[in-house]
Amino acid sequence: MRDRATVERILGETGDAERLSFNSSGIGDWDSALVVFVKALRDAAPRLNIDASGLPQAASRLLALATEFPERSSATSAAREPLLARVGHRATDRWRGTVAVSALVGETVQRALVALTGRARMRTVDVIDLMREAGAGALGIVAIVNGLVGGILGFVGAVQLRRFGAEIFVADLVGIAMVREMAAVMTAVVMAGRTGGAYAAQLATMQGNEEIDALKALGIPVYDYLVLPRVVALVAMMPFLYIYACAFGLMGGLVVGVATLDLSPAAYLVETREGLNGTQFAFGLVKVLAFGALVALAGCHIGLSAGRSAADVGRAATSAVVAGIIGVIALDGIFAVCADALGI
C-alpha cells in the first residue's frame, strides 16, 4: 500500500511530463524492492517514457528481465485451454501415474526376489523396527475394531435368527463372516489409516528434506533402502494381525451371543468350530497378504511422488489413506468374484 501511494504521488507530481529519468549516484545498497518499484511505475503509467539508464547496472538488467518475462497466471492459462486439451492432459497424467505404479510394483517384486538371496541392500534393523511399529503398535486398535465388529455381527444375527428359533447359528454367522471377510478387511483398513498414511508422510518428509536425492547421489537404491523394508514388514505382520483380529472378533460374537441368547459358551464354541474349516482361514490369509502389500505400496508410491513443501506431506498422508481404503475394498470385491467362480 505504501509503494502504491508513492507511485501515485510521483505520477501526480510529474503532471504532463513525457519522460522520467533516475539519478542513482547517491544510492549505496539496494535490493529487489527498487526493481519492483520501477516496474510499478511503468505499469501504472504505460504512456510515460521511463528512462532506466540512470539506475545501477544490475538493477537495469533485472528490470529488463522482469519486463521481458512477465508473470503468468497458471489458473488463467489453464482456464483458457480447450476442453480437448484439458482431457488430453488429464489422460496423460493418469497414464504416467499408472506407469509409475507399475514400475514400483515391478521393482519391488524384483528386489524382493534379490532379497531372498541375501543380496539386497536392506538393513535388518530397519525391517525389525518397522515390523514392531506395524505389528505390536497396532494390536490395541485392531483388537478394539474387530471385537466391536464381531459383537455387532452377533447382535444383528441374534435379532434375526431368534425369529426362526435358530439362535445357535449365530456362531456360524459370526465365525464365517469374521474369518472370510471382516477380520481381513477391517485389519487392512486400520493399517491403511495407521501405517499406510505414516509411510506416505515419512517418505514425503524425506522428499522435502532432499534425503532421497542424497541417497540417489550416493548410489544407494531407494527401493532397497526405503520401499522394500516397509513392504516386507507390513506383509510379514498382516497374517499375525489377521489371526489376532479373528480371535477378538469371535470373542465379541461370543460375548453378545451368550449375553442376548440362551446359549452356553461351550455350545457356542462347538458350533463355531463346526462351521469353520481350514479353507476359510487359508482364504482369509491370502486376502490379508494381498491387502498388506497393496497398503504398503500405495503409501510408498504416494510418499515418493509427493511435493517438497510441508503442505504436500499432509496431502500425501491423506491420499495414501484414501487410496489404501479404496484399494482394499476394490481388491476384496475381486476376491469375492474369484471365490464365487472357484466355489470356495
Side-chain angles (χ1 to χ4, degrees), residues 97-98 101-102 104-106 108-109 112-113 134-135 138 141-143 145-154 156-157 169 171-197 199-200 227 230-250 252-253 272-302 319-344:
T98 303
V101 172
S102 302
L104 177 64
V105 174
T108 303
V109 173
L113 296 176
I141 187 171
V142 170
V145 170
N146 286 278
L148 292 175
V149 169
I152 293 170
L153 289 174
V156 173
F169 293 108
D172 299 79
L173 171 66
V174 175
I176 295 175
M178 290 301 303
V179 171
R180 281 183 63 97
E181 294 291 336
M182 299 309 299
V185 172
M186 295 309 299
T187 301
V189 168
V190 168
M191 299 311 291
R194 184 185 181 277
T195 305
Y199 287 173
V227 178
R230 286 167 168 79
V231 175
V232 170
L234 187 55
V235 171
M237 288 292 100
M238 288 299 283
F240 299 101
L241 292 175
Y242 166 72
I243 300 297
Y244 182 77
C246 288
F248 273 88
L250 296 176
T272 300
R273 185 179 61 183
E274 293 179 355
L276 296 176
N277 54 52
T279 304
Q280 311 289 348
F281 281 100
F283 185 61
L285 282 173
V286 171
K287 289 173 61 173
V288 83
L289 288 173
F291 293 161
L294 186 147
V295 169
L297 288 174
C300 292
H301 168 68
I302 293 175
S319 300
V321 174
V322 173
I325 293 175
I326 294 177
V328 165
I329 295 174
L331 188 58
D332 184 63
I334 296 175
F335 271 109
V337 173
C338 295
D340 181 69
L342 297 174
I344 300 176

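Residue numbers start at 1 and run along the sequence shown. Quick caveat, the model's predicted, so the values are computed rather than measured.
Heavy-atom minimum distance, Asn146 versus Thr187: ND2-OG1, 3.6 Å. Across all non-hydrogen atoms, the minimal contact from Ala134 to Arg194 is CA-NH1, 4.3 Å.
Looking only at side-chain heavy atoms (C-beta outward), Asp172 and Thr272 stay at 4.5 Å or farther from each other.
Results of the side-chain contact (heavy atoms from CB on, under 4.5 Å) test with Met182 over Ile176, Val174, Leu153 single out Leu153 as the only residue that passes. Tested against Leu297 for a side-chain contact (heavy atoms from CB on, under 4.5 Å), the candidates Val231, Val235, Leu234 yield a single pass: Val231.
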Please report, to 0.1 Å, the donor-acceptor pairs under 3.5 Å made by any side chain of residues 319-329, with sequence neighbours excluded.
residue : atom : partner : partner atom : Å
Ser319  : OG   : Arg315  : O            : 2.8

Show which side-chain atoms of residues 285-296 pair as donor or acceptor with protein atoms under 3.5 Å away, not counting sequence neighbours.
residue : atom : partner : partner atom : Å
Lys287  : NZ   : Arg180  : O            : 2.9
Lys287  : NZ   : Glu181  : OE1          : 3.0
Lys287  : NZ   : Glu181  : OE2          : 3.2
Lys287  : NZ   : Asp332  : OD1          : 2.6

Show me the side-chain donor-acceptor pairs of residues 238-245 shorter than 3.5 Å, one per line, residues at least two apart or across chains.
residue : atom : partner : partner atom : Å
Tyr242  : OH   : Val179  : O            : 2.6
Tyr244  : OH   : Leu139  : O            : 3.4

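One finds the CD1 atom of Ile141 at 9.5 Å from the CE atom of Met186 (value rounded to the nearest 0.5 Å).
Pairs passing the side-chain hydrogen bond (donor to acceptor under 3.5 Å, both in side chains) check and including a residue from residues 334-344, sequence neighbours excluded, do not occur.
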